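The next block holds one structure in the form of C-alpha cells; read it before the comments.
Everything numeric in this text was worked out from a predicted model, so none of it was measured. Counting begins at 1 with the first residue of the sequence.
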Amino acid sequence: LALGAVEAFWGFGMNLTSVYSVLPVFLEASGGGDRLLGFLALAQAAGIGLPQVFGTWWSRPWRRKGPFVFWAHVVSTLPFPILAAYLHMNGMDSKPGVIVALQAVFFVMIGITAPVWIDYMGRILREEQRGRAFGLIFSAQAIAGILGGFASAAFIKGRGTTPDAMAAL
C-alpha cells in the first residue's frame with residue numbers, strides 16, 4: 001500500500017509537468033523551437049532507455065538495494081526545484097534549453113533507478129504477490145496521473161504559460 005502511495009505521487013507529478021503536453025506548451029511560450037521539442041522526446045527515450053540496458057547488470061551484486069532505490073528517487077526529483085528556482089529568478093529571460101537539460105537529467109536518473117527498483121521489488125515480493133503488487137502500484141500511478149493532468153490543465157488555464165507559472169507548477 002505504501003509503495004502504491006509513493007507511485008501515486010510519481011504519477012501525479014509526472015503528469016502535472018508532462019513531457020507530452022505541459023512541457024511543450026512552456027517550451028513554445030519561452031521561445032523553444034521544433035528542434036528543442038524533438039530533443040525533449042530524444043532526452044526522454046535515451047535518458048530512460050539507455051541506462052536500463054546496463055542497470056540491472058551493474059547493480060546485481062549489491063546486497064542492499066533499498067537505500068539506493070530510496071535515495072535515487074529523492075535525487076531524481078532535484079532537477080524540479082532547481083528548475084523552479086531558475087525560472088523564478090530569470091523570468092522571461094529563461095532559456096528553454098535549461099528546461100530540456102534539467103528534464104534530461106531527470107530522465108537519466110529514472111533510467112538508472114528503474115531497473116534497480118524492479119530488481120529490488122522482485123527480491124522483496126514473493127512471486128505470488130508480484131502481479132497484485134505491481135497492478136496496485138501502477139494503477140495508483142495511472143489514476144493519480146489522470147488527476148495530475150487535469151490539475152496542470154486547470155493551472156495553465158488560470159496562470160498562463162509564463163516562466164513564473166511553470167516555476168509554480
Side-chain angles (χ1 to χ4, degrees), residues 1-52 69-114 117-118 121 131-169:
L1 213 50
L3 292 171
V6 168
E7 289 303 318
F9 282 112
W10 273 96
F12 183 84
M14 290 293 292
N15 286 290
L16 190 65
T17 58
S18 172
V19 70
Y20 301 109
S21 58
V22 176
L23 283 176
V25 169
F26 282 113
L27 285 175
E28 279 189 54
S30 64
D34 292 339
R35 256 193 214 134
L36 199 56
L37 290 172
F39 187 75
L40 182 63
L42 172 66
Q44 181 183 27
I48 292 174
L50 291 177
Q52 291 191 53
V69 169
F70 173 79
W71 286 109
H73 273 84
V74 171
V75 170
S76 68
T77 63
L78 292 179
F80 295 110
I82 292 169
L83 179 58
Y86 170 79
L87 292 170
H88 183 70
M89 289 187 301
N90 292 295
M92 294 308 287
D93 293 328
S94 297
K95 305 288 185 228
V98 174
I99 297 169
V100 174
L102 286 168
Q103 191 70 34
V105 170
F106 169 72
F107 292 141
V108 169
M109 286 302 303
I110 294 303
I112 291 169
T113 306
W117 179 78
I118 291 168
M121 294 298 291
R132 283 189 304 271
F134 279 110
L136 173 66
I137 288 167
F138 292 123
S139 293
Q141 187 181 62
I143 291 167
I146 293 168
L147 298 174
F150 282 123
S152 67
F155 188 87
I156 290 171
K157 186 177 179 182
R159 300 266 320 253
T161 57
T162 66
D164 277 338
M166 185 173 177
L169 190 60

Contacts under 3.5 angstrom, residues 71-79 side chains, donor-acceptor by atom type, not counting sequence neighbours:
{"residue": "His73", "atom": "ND1", "partner": "Val69", "partner atom": "O", "Å": "2.8"}
{"residue": "Ser76", "atom": "OG", "partner": "Ala72", "partner atom": "O", "Å": "3.2"}
{"residue": "Ser76", "atom": "OG", "partner": "His73", "partner atom": "O", "Å": "2.9"}
{"residue": "Thr77", "atom": "OG1", "partner": "Val74", "partner atom": "O", "Å": "2.6"}

Residue pair Met121, Ile137: steps toward the side-chain contact (heavy atoms from CB on, under 4.5 Å) verdict: CA-CA 11 Å; Met121 294 298 291; Ile137 288 167; 3.6 Å; yes
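Applying the side-chain hydrogen bond (donor to acceptor under 3.5 Å, both in side chains) criterion to Gln141, with sequence neighbours excluded, gives Glu7. In this structure Phe80 satisfies the ring pair (Phe, Tyr, Trp, His ring centres under 6.0 Å) test together with Phe106, sequence neighbours excluded.
Other residues, nucleotides and ligands contribute at most 12 non-hydrogen atoms within 6.0 Å of the CZ atom of Phe39. No more than 12 heavy atoms of other residues, nucleotides or ligands sit less than 6.0 Å from atom CZ of Phe150.
Of all heavy-atom pairs spanning Gly31 and Pro96, the tightest one is C-CG, 4.0 Å. Heavy-atom minimum distance, Ala144 versus Ala8: CB-O, 3.0 Å.
Under a 3.5 Å cut-off, the side chain of Gln44 and the backbone N or O of Leu40 do not form any donor-acceptor pair. In this structure, Tyr86 contributes its side chain and Ile99 its backbone to no donor-acceptor pair below 3.5 Å.
Between atom CG of residue Leu42 and atom CG of residue Leu36 there is a gap of 11.5 Å, rounded to the nearest 0.5 Å. Atom OG1 of Thr113 and atom CD1 of Ile48 lie 10.5 Å apart (nearest 0.5 Å). From Ser139, atom OG reaches atom CZ of Phe134 across 12.5 Å, with rounding to the nearest 0.5 Å.
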